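Single-structure report; data block below.
These numbers come from a predicted model, not from an experiment. Excluded from the calculations below are hydrogen atoms, water molecules and symmetry mates; all remaining heavy atoms, backbone and side chain alike, are included. For reference, positions follow the sequence shown, starting with 1.
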Amino acid sequence: MRLFLIIGVFSLPTSALAQSVTVTGCPANGIEVGCIVIKDEDGKTYNITNAKPKPKVGSKAIKLTGTVSDKVSFCNQGTILEEIKYEETSKDCDATGEK
């Protein structure tokens, strides 16, 4: 019986085990052209290039939720997020991702 439970857990689709994160901050250009990143309060960088529509860099801070991905990106920066949903806040940002 235990063997079946262990096999069942390891055979779950990745999306069932995916970690969701919420981040509020300023979108910034990544180190590669076309890449967008955001940092959380602890300074951890997230690659949010997959956000649709793309957040505006140098405009307003955003609050987003996304799912951590194990995919590889040409951006070479930050933890990749997918299934991103965001909304702008009232806080202003500059082009570097700071106020």
Side-chain angles (χ1 to χ4, degrees):
M1 181 72 159
R2 288 184 189 167
L3 179 60
F4 291 117
L5 291 175
I6 292 171
I7 291 171
V9 169
F10 287 111
S11 65
L12 288 174
T14 304
S15 60
L17 302 173
Q19 177 187 3
S20 179
V21 295
T22 301
V23 180
T24 301
C26 294
N29 291 314
I31 57 175
E32 300 292 339
V33 174
C35 297
I36 302 174
V37 297
I38 192 169
K39 290 186 179 182
D40 67 11
E41 300 132 7
D42 298 326
K44 183 170 182 176
T45 301
Y46 293 94
N47 175 340
I48 60 170
T49 306
N50 290 325
K52 303 281 189 255
K54 298 230 184 270
K56 295 177 188 170
V57 173
S59 181
K60 298 285 186 184
I62 61 172
K63 179 176 182 179
L64 68 80
T65 58
T67 304
V68 174
S69 173
D70 60 356
K71 293 182 180 176
V72 177
S73 167
F74 73 94
C75 293
N76 296 314
Q77 185 180 17
T79 301
I80 299 169
L81 296 183
E82 296 183 313
E83 301 173 17
I84 300 167
K85 294 181 179 19
Y86 72 90
E87 59 185 34
E88 287 188 344
T89 69
S90 59
K91 180 185 172 193
D92 292 323
C93 299
D94 64 18
T96 65
E98 303 292 329
K99 170 64 177 125

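- Looking only at distances, no side-chain donor or acceptor of Q77 sits under 3.5 Å from a matching main-chain atom of G30.
- The environment of NZ in K54 is crowded: more than 12 heavy-atom neighbours from other residues, nucleotides or ligands sit within 6.0 Å.
- The shortest non-hydrogen separation linking I36 to P55 is CD1-O, 3.8 Å.
- For the atom pair NZ (K85) and OG1 (T22), the distance works out to 12.0 Å, reported to the nearest 0.5 Å.
- In terms of heavy-atom proximity, P27 sits nearest to I48 at CB-CD1, 4.5 Å.
- Tested against N47, the residues N50, T45, T49 include a single side chain to side chain donor-acceptor pair (under 3.5 Å) partner, T49.
- Heavy atoms of other residues, nucleotides or ligands lying less than 6.0 angstrom from NZ of K71 number 12 at most.
- In this structure, T89 contributes its side chain and A61 its backbone to a donor-acceptor pair below 3.5 Å.
- When I84, L64, L81 are each tested for a side chain to side chain contact (heavy atoms under 4.5 Å, CB included) with I38, only one passes: L64.
- With Y86 contributing its side chain and P53 its backbone, the two residues share a donor-acceptor pair below 3.5 Å.
- Here NZ of K44 is found 4.0 Å from OG1 of T79. Values are rounded to the nearest 0.5 Å.
- Note that OG of S20 is 8.5 Å distant from CD of E83, once rounded to the nearest 0.5 Å.
- Summarising the local packing, NZ of K60 is surrounded by more than 12 heavy atoms from other residues, nucleotides or ligands at distances under 6.0 Å.
- With hydrophobic clusters built from ILVMFWY side chains whose heavy atoms lie under 4.5 angstrom apart, V21 shares a cluster with I62.
- Between atom CG of residue D70 and atom CD of residue E82 there is a gap of 8.0 Å, rounded to the nearest 0.5 Å.
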